[in-house]
Colleague: 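Let me give you the structure first, and then I'll get to my questions.
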Amino acid sequence: MEVETSFVNQDGFPITKKCSQKILKNLPWEIQTIRGELITELKLPDGSKLSYELGRQNLELSLSPYPISKVIAKGREFLEQIYSTANQFGAEPWFSPILKTDEDLLVIPDERDATWLKLDGRPALNLLARCSSVQFTIGTSYQKAVGQLNSLLNALPEFLVNYPQDKLWKQYIKSSKAAYLPKRYGGPRSFISMVDYGIQLTKHKVIYKDQLVDWDQLDEFDIDQFLRSVWWYFRLRRYQDQLCIEVRPLPRTSDCELKNQLAQVLEYCG
């Protein structure tokens, strides 16, 4: 489970970078990554991570794998610790998928985001800095993956009806300087086979040295970066030797809704 949470001050405005840094410094977890003088990632005792998600106000909890019966409770336990620490500095969670502001919220915590900033341009990428989402990544198998992906895609309208970020993502694709193919976000509406899944992926160019390059022009490239830069609603991921499906079109709402969101995912790929 990955949960993104925007934080606002008592007047409802996005917190400053200085405030989010105070939150990260005062959480009782190991500092994993520092970029310049900026703390960008914490490592939790169970291997989970807390990091920036594009916006200076947006912190993402990336939970380590847990059994379905435990994932929500463990996630909420860590989220409560984050909220408690944030409260010490006048910050509170904003339980909504889009933060309505025209401010430039971007903070670029790692090389991946720096690459996209060069590719996209600041105005386009700043659109995504306002968004907060929830993602669930569910274990699958080679034999089951296509059927589960198609089941989820058949239910796509049920996901998108509560996913206002969809409009911002489409605006991002259109306004980016990178000139992405339109289906780099969202993706196909069905797959014939795992081979077909791979063929659909290879229609999209690879990010290489801050530009998009055709597959046949490269002998080697960062495959993980590429897979994370094709933003399909439902996409395959791999954790060690486990094949998984990542379910992306879920809005950030209250913590009470996390259980219902997981149930919605499991209804179609459980």
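Fair warning: this is a prediction, and the values are worked out from it, not measured in the lab.
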Colleague: Which residues pass the ring-ring contact (aromatic ring centres under 6.0 Å, His included) test with Tyr208, not counting sequence neighbours?
Modeller: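 For Tyr208, no residue satisfies ring-ring contact (aromatic ring centres under 6.0 Å, His included) once neighbours in sequence are set aside.
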Colleague: How long is the gap from OG on Ser6 to CZ on Arg130, to the nearest 0.5 Å?
Modeller: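 With rounding to 0.5 Å, OG (Ser6) is 11.5 Å from CZ (Arg130).
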Colleague: Within the 4.5 Å heavy-atom criterion, are Trp231 and Trp169 side-chain neighbours or not?
Modeller: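 They are in side-chain contact.
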Colleague: By side chain to side chain contact (heavy atoms under 4.5 Å, CB included), which residues pair with Ser254, not counting sequence neighbours?
Modeller: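 For Ser254 the side chain to side chain contact (heavy atoms under 4.5 Å, CB included) partners, ignoring immediate neighbours, are Cys256, Glu257.
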Colleague: Does a side-chain heavy-atom distance below 4.5 Å link Val206 with Ile223?
Modeller: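 SC-SC contact between Val206 and Ile223 ruled out.
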Colleague: Of all heavy-atom pairs between Ile138 and Cys269, which one has the smallest distance, and what is that distance?
Modeller: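 Heavy-atom minimum between the residues: CG1-SG, 4.1 Å.
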Colleague: How close do Ala145 and Leu243 get, counting heavy atoms only, and between which atoms?
Modeller: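 Looks like CB-CD2, 4.1 Å.
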Colleague: About how many Å separate CD of Gln165 and CG of Leu127, when rounded to the nearest 0.5 Å?
Modeller: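 That separation rounds to 12.5 Å.
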Colleague: Listed by chain and number, what are the side-chain hydrogen bond (donor to acceptor under 3.5 Å, both in side chains) partners of Arg184, not counting sequence neighbours?
Modeller: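 Applying side-chain hydrogen bond (donor to acceptor under 3.5 Å, both in side chains) to Arg184 gives Ser229.
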Colleague: Check the orientation of Trp215 and Phe221. Use parallel for under 30°, tilted for 30 to 60°, and perpendicular for over 60°.
Modeller: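 If you compare the ring of Trp215 with that of Phe221, the planes turn out perpendicular.
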Colleague: To check you understand the geometry: which heavy-atom pair defines the closest contact between Gly75 and Leu63, and what is its length?
Modeller: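 Nearest pair, atom of Gly75 first, then Leu63: N-CD2, 3.9 Å.
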Colleague: Suppose we screen for salt bridge (Lys or Arg N to Asp or Glu O under 4.0 Å). Which residues come up paired with Asp120, at least two apart in sequence or across chains?
Modeller: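 Asp120 satisfies salt bridge (Lys or Arg N to Asp or Glu O under 4.0 Å) with no residue once adjacent residues are dropped.
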Colleague: Is it the case that the ring center of Phe191 lies less than 6.0 angstrom away from the ring center of Trp232?
Modeller: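 Yes; Phe191 has its ring centre under 6.0 Å from that of Trp232.
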Colleague: Could you walk me through whether Lys144 and Gln148 pass side chain to side chain contact (heavy atoms under 4.5 Å, CB included), step by step?
Modeller: CA-CA 6 Å; Lys144 294 180 179 180; Gln148 290 174 322; 4.0 Å; yes
Colleague: Arg189: which residues meet the salt bridge (Lys or Arg N to Asp or Glu O under 4.0 Å) condition with it, sequence neighbours left out?
Modeller: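 Arg189: no salt bridge (Lys or Arg N to Asp or Glu O under 4.0 Å) contacts found.
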Colleague: Test of understanding: with salt bridge (Lys or Arg N to Asp or Glu O under 4.0 Å), list the residues that count as partners of Lys170, not counting sequence neighbours.
Modeller: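 So Lys170 forms a salt bridge (Lys or Arg N to Asp or Glu O under 4.0 Å) with Asp166.
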Colleague: Please report the shortest heavy-atom distance between Pro251 and Gln261, naming the atom on each side.
Modeller: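 Closest approach of Pro251 to Gln261, heavy atoms only: O-NE2, 2.7 Å.
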Colleague: Scan for ring-ring contact (aromatic ring centres under 6.0 Å, His included) pairs involving residues 54-93, sequence neighbours excluded, and state none if there are none.
Modeller: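 Checked against ring-ring contact (aromatic ring centres under 6.0 Å, His included) - neighbours excluded - the pairs reaching residues 54-93 are Trp29-Phe78, Tyr83-Phe95.
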Colleague: In Å and rounded to the nearest 0.5 Å, what is the CG to OH distance from Asn126 to Tyr172?
Modeller: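 Reported value, rounded in 0.5 Å steps: 12.0 Å.
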Colleague: Who are the side chain to side chain contact (heavy atoms under 4.5 Å, CB included) partners of Asp11, not counting sequence neighbours?
Modeller: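 Checked Asp11 against side chain to side chain contact (heavy atoms under 4.5 Å, CB included); matches are Asn9, Phe13.
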Colleague: Could you tell me whether the side chain of Lys74 reaches within less than 4.5 Å of the side chain of Glu77, counting heavy atoms only?
Modeller: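 Side-chain contact under 4.5 Å: yes.
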Colleague: With no hydrogens and no angle check, do the side chains of Thr5 and Arg252 hold a donor and an acceptor under 3.5 Å apart?
Modeller: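 Yes, because at least one side-chain N or O of Thr5 sits under 3.5 Å from a partner of the opposite role on Arg252.
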Colleague: Would a single hydrophobic cluster contain both Ile98 and Val8, if residues Ile, Leu, Val, Met, Phe, Trp and Tyr are joined by side-chain heavy-atom contacts under 4.5 Å?
Modeller: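 No; tracing contacts between hydrophobic side chains, which count when under 4.5 Å, never links both residues.
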Colleague: Is it the case that Ser20 and Gln57 place a side-chain donor and acceptor less than 3.5 Å from each other?
Modeller: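 No, because no side-chain N or O of Ser20 sits under 3.5 Å from a partner of the opposite role on Gln57.
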Colleague: Can you tell me if CG on Asp102 sees more than 12 non-hydrogen neighbours from other groups inside 6.0 Å?
Modeller: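 No, CG of Asp102 has 12 or fewer neighbouring heavy atoms, counting only those of other groups under 6.0 Å.
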Colleague: Just jot down the salt bridge (Lys or Arg N to Asp or Glu O under 4.0 Å) partners of Arg248, sequence neighbours excluded, or say none.
Modeller: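 For Arg248 the salt bridge (Lys or Arg N to Asp or Glu O under 4.0 Å) partners, ignoring immediate neighbours, are Glu246.
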Colleague: For the pair Lys49 and Glu2, evaluate salt bridge (charged side-chain N to carboxylate O under 4.0 Å, His left out) and give the outcome as yes or no after the intermediate values.
Modeller: CA-CA 9 Å; Lys49 297 179 181 179; Glu2 295 174 84; over 6 Å; no
Colleague: Between Val213 and Leu227, is there shared hydrophobic-cluster membership here, with clusters defined by ILVMFWY side-chain heavy atoms closer than 4.5 Å?
Modeller: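 Yes; Leu227 is reachable from Val213 via cluster members.
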Colleague: Would you compute the distance between atom CG of Asn58 and atom CG of Leu54 and round it to the nearest 0.5 angstrom?
Modeller: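 One gets 8.0 Å once the value is rounded to the nearest 0.5 Å.
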Colleague: Could you tell me which residues satisfy side chain to side chain contact (heavy atoms under 4.5 Å, CB included) with Arg122, sequence neighbours excluded, listed by chain and number?
Modeller: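 Scan of Arg122 (side chain to side chain contact (heavy atoms under 4.5 Å, CB included), adjacent residues dropped) gives Asp104, Leu106, Leu117.
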Colleague: Does either side chain, that of Gln200 or that of Asp196, offer a donor lying less than 3.5 Å from an acceptor on the other one?
Modeller: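 Result is yes, a qualifying pair exists.
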Colleague: Using a 4.5 Å cut-off on heavy atoms from C-beta on, say whether the side chain of Glu60 contacts that of Gln135.
Modeller: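 Counting from C-beta outward, Gln135 and Glu60 do come under 4.5 Å.
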Colleague: Indicate the atoms forming the closest heavy-atom contact of Leu168 with Cys131, along with that distance.
Modeller: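 Nearest heavy atoms, Leu168 then Cys131: CD1-SG, 3.6 Å.
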Colleague: Are Ile192 and Leu201 connected in the hydrophobic side-chain network, where two residues link if heavy atoms are under 4.5 Å apart?
Modeller: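 Result: no, two separate clusters.
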Colleague: Ignoring hydrogens and angles, tell me if any N or O in the side chain of Thr137 forms a donor-acceptor pair with the backbone of Ile245 under 3.5 Å.
Modeller: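 Answer holds: no.
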Colleague: What I want to check is whether the side chains of Thr40 and Thr33 have a donor and an acceptor closer together than 3.5 Å.
Modeller: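 No - no donor-acceptor pair under 3.5 Å links their side chains.
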Colleague: Which heavy atom of Ser64 sits nearest a heavy atom of Gly47, and at what distance?
Modeller: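 That would be OG-C, 3.0 Å.
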Colleague: Say whether Tyr185 and Leu181 are linked into one hydrophobic cluster, either directly or through other cluster members, by side-chain heavy-atom distances under 4.5 angstrom.
Modeller: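 No; Leu181 is not reachable from Tyr185 via cluster members.
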Colleague: Suppose we screen for side-chain hydrogen bond (donor to acceptor under 3.5 Å, both in side chains). Which residues come up paired with Asn26, at least two apart in sequence or across chains?
Modeller: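 Testing Asn26 for side-chain hydrogen bond (donor to acceptor under 3.5 Å, both in side chains), a comparison that skips the adjacent residues, returns none.
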Colleague: Closer than 3.5 angstrom, by distance alone: can the side chain of Glu4 be matched with the main-chain N or O of Ser133 as a donor-acceptor pair?
Modeller: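 Side chain of Glu4 to backbone of Ser133: a pair is present.
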Colleague: Measure the spacing between CG of Leu27 and CD of Gln88 and express it to the nearest 0.5 Å.
Modeller: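 That separation rounds to 8.5 Å.
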Colleague: Quick one: ring-ring contact (aromatic ring centres under 6.0 Å, His included) partners of Phe7, sequence neighbours excluded?
Modeller: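 Testing Phe7 for ring-ring contact (aromatic ring centres under 6.0 Å, His included), a comparison that skips the adjacent residues, returns none.
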Colleague: Would you say Met1 and Val71 make side-chain contact, with heavy atoms under 4.5 Å?
Modeller: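 Of all side-chain heavy-atom pairs linking Val71 with Met1, at least one is under 4.5 Å.
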Colleague: Examine Val107 and Leu105 and state if one hydrophobic cluster contains both, with Ile, Leu, Val, Met, Phe, Trp and Tyr joined whenever side-chain heavy atoms are less than 4.5 Å apart.
Modeller: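 Different clusters: Val107 never reaches Leu105 through Ile, Leu, Val, Met, Phe, Trp or Tyr contacts under 4.5 Å.
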Colleague: Measuring from atom CD1 of Ile15 to atom CD of Gln10, what distance do you get when rounded to the nearest 0.5 angstrom?
Modeller: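 Atom-to-atom, Ile15:CD1 and Gln10:CD are 12.5 Å apart.
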Colleague: Walk me through whether Asn87 and Ser84 qualify under side chain to side chain contact (heavy atoms under 4.5 Å, CB included).
Modeller: CA-CA 5 Å; Asn87 185 256; Ser84 178; 5.8 Å; no
